[in-house]
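What you see is a predicted model; the values in this text were computed from it and never measured.
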Amino acid sequence: PLPPFKAYLMESFLVSFNRLNGTIPKELFDSDECNLLFVSLRDNQFSGELPDFRSCTPIIEDVRLGSNRFTGAFPESYCNLTSLASLDIAYLNLDTEARFLQNLTNLQYVTLSNSGIRGPLYFPPSLDLVEIYLDGNSLTGTIPEVP
């Protein structure tokens with residue numbers, strides 16, 4: 001498990017490619033003083049729900065949570081990550097619709113491979129994607145037009 005400290009005071013929090021496990025404490029990223037721009041928990045053995053970045057919504061730019069044991073739905077607070085340019089939630093056991101993508105207007109890099117995403121795709125009208133990985137999900141419908 002992660003030791004008790006306040007990650008929200010940092011600009012970057014990277015603990016990728018370790019053998020860390022357990023759930024992510026809610027207070028790790030919860031503060032009105034959040035400075036986080038980059039979070040990477042990728043390739044560990046974290047479980048439980050995805051961490052909530054509600055306090056970091058105006059500034060966080062890069063979130064990498066893939067290749068863990070997170071389950072459940074996509075937190076609603078992620079829809080407010082208006083500065084988010086890169087999102088990696090690949091290889092998780094989520095059970096959520098792709099609807100959360102519709103508000104993420106700054107996304108450029110999206111990795112959702114084998115993550116339990118289902119239903120039709122939604123993209124904001126002003127999206128400027130560079131890379132997107134959607135393989136291994138239960139997506140339906142047509143590929144939306146992105147101007």
> With side-chain contact (heavy atoms from CB on, under 4.5 Å) as the criterion, how do Asn114 and Asp135 come out once you've worked through the C-alpha distance, each side chain's angles and the decisive distance to 0.1 Å?
CA-CA 6 Å; Asn114 299 292; Asp135 50 302; 4.1 Å; yes
> Under 4.5 Å between side-chain heavy atoms, hopping through other hydrophobics if needed: is there a path connecting Leu81 to Leu129?
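Leu81 and Leu129: one cluster.
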> Indicate if Met10 and Ile60 have the same hydrophobic cluster label, given that clusters are the connected sets of ILVMFWY residues with side-chain heavy-atom separations under 4.5 angstrom.
yes
> Hydrophobic cluster membership, with links at side-chain heavy-atom distances under 4.5 Å among I/L/V/M/F/W/Y: are Val15 and Leu87 in one?
yes
> Shortest non-hydrogen contact from Gly48 to Thr23?
CA-CG2, 4.2 Å
> Taking the inter-plane angle between the rings of Phe53 and Tyr78 on a 0 to 90° scale, is it parallel (under 30°), tilted (30 to 60°) or perpendicular (over 60°)?
tilted
> Give me the atom names and distance for the closest heavy-atom approach of Arg42 to Ser67.
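Closest heavy-atom pair between Arg42 and Ser67: NH1-OG, 3.8 Å.
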> Under 4.5 Å between side-chain heavy atoms, counting indirect links through other Ile/Leu/Val/Met/Phe/Trp/Tyr residues: same cluster for Leu37 and Leu107 or not?
no
> I'd like to know if Asp43 and Arg64 make a salt bridge, using a cut-off of under 4.0 Å between side-chain N and carboxylate O.
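No, no charged N to carboxylate O under 4.0 Å.
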> Do you know which two heavy atoms are closest between Val39 and Phe29, and how far apart they sit?
CG1-CZ, 4.0 Å
> If I take atom CD from residue Gln102 and atom SG from residue Cys79, how far apart are they, to the nearest 0.5 angstrom?
7.0 Å
> Do you know the tightest heavy-atom contact between Leu65 and Val63?
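For Leu65 and Val63, the tightest heavy-atom pair comes out as CG-CG1, 3.6 Å.
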> To the nearest 0.5 Å, what is the distance between OH on Tyr109 and CG on Asp88?
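Between atom OH of Tyr109 and atom CG of Asp88 there are 13.5 Å.
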> With salt bridge (charged side-chain N to carboxylate O under 4.0 Å, His left out) as the rule and sequence neighbours excluded, what pairs involving residues 73-83 come up?
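For residues 73-83: none.
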> So with a 6.0 Å cut-off around CD of Glu49, is the heavy-atom count from everything else above 12?
no
> Given side-chain contact (heavy atoms from CB on, under 4.5 Å), test Asp128 with Thr105 step by step and report yes or no.
CA-CA 8 Å; Asp128 193 17; Thr105 56; over 6 Å; no
> CG of Asn68 to CG of Leu20: how many Å apart, nearest 0.5 Å?
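It comes to 9.0 Å.
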> I'd like to check Phe17 versus Asn44 (side-chain heavy atoms, cut-off strictly below 4.5 Å). Are they in contact?
no
> Cut-off 3.5 Å, side chains only: do Asp52 and Ser77 have a donor facing an acceptor?
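A pair is found: one side chain offers a donor N or O, the other an acceptor, under 3.5 Å apart.
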> Between Ser83 and Asn106, is there a side-chain donor-acceptor contact under 3.5 Å, judged purely by atom types and distance?
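Absent: no donor and acceptor within the cut-off.
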> For residues Ser115 and Ile117, report the shortest heavy-atom separation together with the two atoms involved.
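So the minimum-distance heavy-atom pair works out to OG-CG1, 3.1 Å.
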> State, to 0.1 Å, how close Leu101 and Pro124 come at their nearest heavy-atom pair, and which atoms those are.
O-CD, 3.2 Å
> Taking atom CD1 of Ile132 and atom CD1 of Ile143, what is their separation to the nearest 0.5 Å?
9.0 Å
> Any chance you could lay out the side-chain contact (heavy atoms from CB on, under 4.5 Å) test for Leu94 and Thr71, step after step, and finish with the verdict?
CA-CA 5 Å; Leu94 302 179; Thr71 58; 5.8 Å; no
> Does Tyr133 OH have over 12 foreign heavy atoms under 6.0 Å away?
no
> Answer yes if Tyr91 and Leu41 sit in the same cluster of Ile, Leu, Val, Met, Phe, Trp and Tyr residues linked by side chain heavy atoms under 4.5 Å apart, and no otherwise.
no
> What's the spacing between Ile59 CD1 and Asn35 CG if we round to 0.5 Å?
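The CD1 atom of Ile59 sits 5.5 Å away from the CG atom of Asn35.
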> So, do Phe70 and Ile24 sit near enough that their side-chain heavy atoms are less than 4.5 Å apart?
yes
> What distance separates Leu134 CG from Leu121 CG, expressed to the nearest 0.5 Å?
5.5 Å
> Check Asp95, Asn137, Thr140 against Arg118 for a side chain to side chain donor-acceptor pair (under 3.5 Å) and give me the one that passes.
Asp95
